[in-house]
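Inspection log for the structure reproduced underneath, given as structure tokens.
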Amino acid sequence: MRKLYKNFIRSMVAAGCICLSTGCGTVKSYSGAETTVNAEEISEEQFLEIVSPEKIVLCQVVEPNDVIAFIQNEKMEEWEYVSEIPMQAELQYIIISYEKVTEKFWVEKGAPEISIGKYALYEDNGEFYTEDAFEGDSTYCRIPVSAGEYIMKLAENGSDILYKNDIFASWGINDFGIENEEEAVLKEPDEILKSENEDDYHLYSADELAKVSKEQKLEIFDQDSELVCTMKDLEEIAAFRNQIKRETWLEMECLPEEKSNICEITIYQLERHTREKNLIENEKLILFETQNQYYIHDIIPNYSEDIDDMETFYSISNDIGNYIKKLANQN
């Protein structure tokens, strides 16, 4: 059975051998074989996404007939390996595929419940290229112009965006845990699967927070700048920090241009080097949402006139975003 993408050993494409997937025993050649895909060969438990360089999901291809159309229009049998992509080529989109693992062989081998594959699409003066990275190695291809234009058109037209974990739940998988595109775009599939199975984020306690500042305060303001939540108890603040799992945030260069301001969180601690117990602003977190994805603008003020505030942008998981959003809507 032909599957959507051969995700477990993508690096073998470069060696001329492709097809260790969720259960395919076919050898595919890129030197003239014709892409033929039948509806009965496409599992309903797979889909793909087209993601912008800013990590925004623009289009999802979910229905089997649409998956078939995508595969056929990719024209992978016409892809040509190249040693490199032109330096001036610009990243256009990232294509990510998800597929439930059902083949008995792989299930018995302990394969993850979902296989994930991705490649990046580049354009240079009307020519299109792909980069397929696997375990630090990249494979480059020049692809037909019609294939590149097809993907570009899909991205430009967009689609309704479904929550990935809802799709996985419809497959009977409720705890896979991919929350946002950052996890799929910035990490290799094996890194994603490893991180999803590890609770490696730090857990705070009131005693630990007290070592930093014996008094603290946290305020949440809604999108209308109304104060909706105040926390002063260190146990409560520690519980908040544990819920937002800072170690899982993924840093970005900038935030999407189109976004909605959800709330602002201001964190106060005691001013240092003074006997007065003055609570001063230690950090501000601004939560944004766009296309069912959440982002944080993190501002750490610097009280020196010669030094600017430190500003960092993050993409955060939907469960964290929803948790903060719920706190902001307490009124």
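Both backbone and side-chain heavy atoms feed into the values below; hydrogens, waters and symmetry mates do not.
The hydrophobic cluster containing Met76 also contains Val145, counting ILVMFWY residues as joined when their side-chain heavy atoms lie under 4.5 angstrom apart, directly or transitively. Hydrophobic clustering (side-chain heavy atoms under 4.5 Å, transitive across Ile, Leu, Val, Met, Phe, Trp, Tyr) groups Phe70 together with Met152. Follow the hydrophobic side-chain contacts under 4.5 Å out from Tyr268 and you never reach Leu209; the two are in separate clusters. When the side chains of ILVMFWY residues are joined at heavy-atom separations under 4.5 Å, either directly or via intervening members, Val212 and Ile265 end up in two distinct hydrophobic clusters. Note: the hydrophobic cluster containing Leu218 does not contain Phe221 (ILVMFWY, side chain heavy atoms under 4.5 Å, direct or indirect links).
At least one donor-acceptor pair closer than 3.5 Å links the side chain of Trp249 to the backbone N or O of Ile244. A donor-acceptor pair is defined here as one N or O able to donate and one able to accept, closer than 3.5 Å; such a pair exists between the side chain of Glu123 and the backbone of Gly126. Remark: the backbone N or O of Pro256 is paired with a side-chain donor or acceptor of Lys259 at under 3.5 angstrom. In this structure, Ser97 contributes its side chain and Ile116 its backbone to no donor-acceptor pair below 3.5 Å. Without hydrogens or angle criteria, Gln60 side chain to Leu162 main chain gives a donor-acceptor distance under 3.5 Å. Without hydrogens or angle criteria, Asp124 side chain to Glu127 main chain gives no donor-acceptor distance under 3.5 Å. At distances below 3.5 Å, at least one donor-acceptor pair connects side-chain atoms of Lys100 with backbone N or O atoms of Trp171. Listed for the Asn242 side chain is a donor-acceptor partner under 3.5 Å among the backbone atoms of Tyr204. Ser213 places a side-chain N or O within donor-acceptor distance of the main-chain N or O of Leu270, the cut-off being under 3.5 Å. Within the 3.5 Å criterion, the main-chain N or O of Glu226 finds no donor-acceptor partner in the side chain of Asp224.
A salt bridge between Glu215 and Lys232 is absent, with no side-chain N of the basic residue lying under 4.0 Å from a carboxylate O of the acidic one. A salt bridge does not link Lys214 with Glu208: none of the charged nitrogens is closer than 4.0 Å to a carboxylate oxygen. Salt bridge annotation for Lys217-Asp233: absent, with no cationic side-chain nitrogen under 4.0 angstrom from a carboxylate oxygen.
With rounding to the nearest 0.5 Å, the separation of CD1 in Ile96 from CD in Glu49 is 6.0 Å. Leu285 contributes atom CG, which lies 9.0 Å from atom CD1 of Ile299 (distance to the nearest 0.5 angstrom). Here Glu251 contributes atom CD and Ser315 contributes atom OG; the two are 12.0 Å apart, rounded to the nearest 0.5 Å. To the nearest 0.5 Å, atom CD1 of residue Ile280 and atom OG1 of residue Thr266 are 13.0 Å apart. With values rounded to the nearest 0.5 angstrom, Ile320 atom CD1 is found 10.5 Å from Leu287 atom CG. Taking CD of Glu113 as the reference point, atom CD1 of Ile173 lies at 4.5 Å (rounded to 0.5 Å).
Side-chain contact check for Glu311 versus His297: some heavy-atom pair is nearer than 4.5 Å. Looking only at side-chain heavy atoms (C-beta outward), Ile220 and Glu264 stay at 4.5 Å or farther from each other. Contact of the Cys59 side chain with the Val61 side chain is registered, since non-hydrogen atoms from C-beta on lie closer than 4.5 Å. Between Thr248 and Ile316 there is no side-chain heavy-atom pair separated by less than 4.5 Å. Using a 4.5 Å heavy-atom threshold, the side chains of Asn318 and Tyr163 count as touching. At a threshold of 4.5 Å between non-hydrogen side-chain atoms, the residues Ile56 and Val51 do not count as touching.
Side chains of Asn322 and Tyr294: a donor-acceptor N/O pair is present below 3.5 angstrom, by distance only. If you check the side chains of Lys75 and Ser146, you find a donor sitting under 3.5 Å from an acceptor. In this structure, a donor-acceptor pair under 3.5 Å is absent between the side chains of Asp207 and Ser205.
Aromatic rings from Phe288 and Tyr295 are positioned such that their centres are separated by 6.0 Å or more. With ring centers used as reference points, Tyr98 lies under 6.0 Å from Phe168. Remark: aromatic rings of Trp79 and Tyr119 are close, center separation under 6.0 Å.
Of all heavy-atom pairs spanning Ser52 and Leu58, the tightest one is CB-CD1, 3.9 Å. Taking each heavy atom of Pro144 and Glu74 in turn, the nearest pair found is CD-O, 4.5 Å. Of all heavy-atom pairs between Ile296 and Leu255, the closest is O-CD2, 4.2 Å.
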Subject >> salt bridge (charged side-chain N to carboxylate O under 4.0 Å, His left out) between Glu235 and Arg241, worked out >> reply: CA-CA 10 Å; Glu235 291 282 359; Arg241 289 185 176 276; over 6 Å; no

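Applying the 6.0 Å contact sphere to CD of Gln88 captures more than 12 heavy atoms from other residues, nucleotides or ligands. Heavy atoms from other residues, nucleotides or ligands lying under 6.0 Å from CG of Asn157 number more than 12.
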